[in-house]
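A short write-up of the structure that comes next.
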Amino acid sequence: MMNQNRVALATTFVRVVVLGVYVLIPYSRSVVSPISVLRRRKCYSPFTRRLLSAIPPAPICLESMAEEAVLGYLEKNEEISDSGKFAEEKGINHDEIVNIIKSLNGFRLVDAQDIKKERWVLTPEGDLYAKYGSPEVLLFSAVPPEGITREELQEKLKSSIYKIGSTQAIKNKWIEMGKSQVSRKVQQVDDKVRSLLIQIQNGEVVSSEDIDALKRRKLISSQIWKGYSVKKGPKYAPKRKKVATDLTRENLQRGDWKELEFKEYNFLAKGQPTEGGCLHPLLKVRRQIQMIFLQMGFEEMPTNNFVESSFWNFDALFQPQQHPARDSHDTFFLKEPSTTRRLPEDYVERVKRVHESGGYGSRGYGYEWKREEANKNLLRTHTTAVSSRMLYALAQGPFAPKRYYSIDRVFRNEAVDRTHLAEFHQIEGLICDRGLTLGHLIGVLHDFFSRLGMSKLKFKPAYNPYTEPSMEIFSYHEGLQKWVEIGNSGMFRPEMLLPMGLPEDVQVIAWGLSLERPTMILYGIDNIRDLFGHKVDLSLIKRNPVCRLGL
Ligand code: PHE
């Protein structure tokens with residue numbers, strides 16, 4: 001019984017103390033009071049609920065003070081001409097006033113006009129001089145009437161004060177600096193710099209010559225002050241009515257929805273941007289090029305093997321085993337599995353022979369061809385490896401003309417810079433038929449590139465181990481106003497085609513280009529790392545246009 005009484009007494013005591021705190025705090029100026037936290041969280045115990053219903057909301061807050069000041073002033077006066085002066089007169093922080101003006105202006109209760117003023121503020125160095133005096137005066141005071149040696153004077157002062165002070169004091173003709181002796185030239189000096197700095201600190205007006213001099217010594221700097229002039233707006237009222245933004249369950253229960261004024265819907269407000277899947281620019285351009293190939297009657301080659309043997313990537317293409325591109329500086333070789341398991345043996349034999357001693361009218365390279373080199377696995381360096389597999393497969397059946405294309409990834413051991421990555425996408429097209437000439441290649445290239453919006457083309461002789469003749473392709477870019485290299489092309493060599501088993505009167509014309517280059521030109525991207533890889537900004541992918549025509 002005793003115990004129960006004690007517990008009840010203790011509980012009442014705690015409640016009284018808590019109540020005291022709750023009642024007092026809302027009336028204090030504290031912006032976040034425990035009571036407002038409780039109100040916001042809406043997780044009341046029955047006790048707290050009773051407590052809250054007994055306490056009216058806190059009447060004083062800084063915001064409402066500033067708002068009352070602005071609206072109240074405009075009730076009796078035409079205009080607040082300068083929010084800065086107004087804030088000072090009312091003893092309210094200017095930022096507070098500015099926030100309120102912005103909000104009232106948004107609701108058209110007031111009409112606010114920007115005012116900008118340039119004003120001068122002291123730099124940290126200027127601050128020091130205003131406090132302790134200018135270095136020239138400090139230095140002058142350190143020179144006794146009978147003079148002092150340079151060393152002694154230097155010892156008395158901080159080195160920066162000595163340096164600046166002596167230059168200024170000499171300029172002012174206050175002191176004379178002999179070889180060893182420093183002496184006064186005047187009896188007394190005035191610290192004009194210090195008094196000017198103090199005047200500026202106090203917002204007093206200072207002549208423009210003085211300002212210039214202080215500016216030159218970097219003792220003051222200009223600062224743009226922003227404020228407002230304010231008039232009544234079209235919806236002016238001496239008091240802003242708080243409008244409700246939501247109809248809540250509580251409004252319905254209490255029935256106060258009948259008196260509430262609701263905020264109007266803003267049908268012009270922008271909604272949240274919708275999140276949806278977006279295609280990367282490379283995918284979009286790839287699709288566009290794919291469609292061009294399909295329209296021109298091309299079939300897609302299977303490119304689903306990044307790992308390739310040196311044989312298909314190089315040897316089958318009549319690329320000698322000593323070729324610098326076959327070095328690990330240029331090509332990524334695989335450690336595991338490091339070699340290929342299967343190659344068509346009779347074809348390998350023919351390739352070996354054409355490299356070593358030629359045939360089919362060729363002299364070959366005249367070196368000892370090594371099987372181990374051909375077996376090495378690598379990440380394919382071009383999709384021409386896929387073309388060589390396809391042409392070999394084609395040669396195994398009765399001949400039929402073909403148009404093949406592919407767009408996929410290739411890998412090169414390159415130094416990464418603005419225009420190069422160690423991997424990129426290659427676009428490749430080839431036509432295999434009887435009686436094809438260089439003229440056909442040029443014609444097909446004109447057809448293909450003009451469908452991409454590039455109709456002005458130029459060709460430059462080039463070299464590839466697997467094509468003869470070979471041509472680099474240039475296109476005139478109207479936007480960039482210059483010729484840009486867009487691809488490489490040629491007619492596959494008989495040394496490549498005949499060992500495969502293709503008929504002698506069959507030629508293959510082919511070309512290749514990167515997918516990244518036209519995409520970068522189309523999307524105005526000048527750094528490849530912005531287009532591909534881990535540094536890509538996702539907003540580039542989200543915000544680019546759904547479709548773009550021409551290059
Ligand atoms: N394989 C060449 C390259 O990587 C492109 C090319 C393809 C050139 C077909 C000629 C013929 O640049």
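Hydrogens, waters and symmetry mates play no part in the numbers below; they use all other heavy atoms, side chains included. By convention here, the first residue in the shown sequence is residue 1. Each ligand, and each atom within it, is numbered from 1 in the order the structure gives.
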- Judged by heavy atoms only, the candidate from Thr381, Asn488, Ile509 nearest atom 12 (O) of ligand 1 is Asn488

- Do we see a donor-acceptor contact under 3.5 Å between the side chains of Gln201 and Asp127? yes

- Query: Using a heavy-atom cut-off of under 4.0 Å, does the side chain or the backbone of Val410 touch ligand 1, or both, or neither?
  - Reply: neither

- Which atoms of ligand 1 sit under 4.0 Å from any heavy atom of His382? 1 (N), 4 (O)

- Per-atom contacts of ligand 1 with Asn464, taking only distances under 4.0 Å to non-hydrogen atoms: 8 (C), 10 (C)

- Message: For Arg371, I'd like to know if atom CZ has over 12 heavy atoms of other residues, nucleotides or ligands within 6.0 Å.
- Response: yes

- Message: Ring centres under 6.0 Å, that's the criterion: do Tyr466 and His382 meet it?
- Response: yes

- Message: Less than 6.0 angstrom separating the ring centers of Phe474 and Trp483, yes or no?
- Response: no

- Query: Judged by atom type as modelled, is there a donor-acceptor pair below 3.5 Å linking the side chain of Asn313 to the main-chain atoms of Arg380?
  - Reply: no

- Message: Test of understanding: given a 4.0 Å heavy-atom threshold, classify the contact between Arg412 and ligand 1 as side chain, backbone, both, or neither.
- Response: side chain

- Note on the structure: Any heavy atom of Tyr466 under 4.0 Å from ligand 1? The part involved is side chain

- Note on the structure: The atoms of ligand 1 lying under 4.0 Å from a heavy atom of Thr384, numbered in the order shown, are 1 (N), 7 (C)

- Message: Parallel, tilted or perpendicular, judged at 30° and 60°: which one describes the rings of Phe318 and His355?
- Response: perpendicular

- With the threshold set at 4.0 Å, does a side-chain nitrogen-carboxylate oxygen contact exist between Lys218 and Glu125? no

- Query: What do we get for Ser470 next to ligand 1 when only non-hydrogen atoms under 4.0 Å count, side chain, backbone, both or neither?
  - Reply: neither

- Could you tell me which atoms of ligand 1, counted from 1 in the order shown, lie closer than 4.0 angstrom to a heavy atom of Gln426? 3 (C), 4 (O), 12 (O)

- Query: Looking at atom 5 (C) of ligand 1, what's its closest protein heavy atom, distance included?
  - Reply: Gly512 CA, 4.0 Å

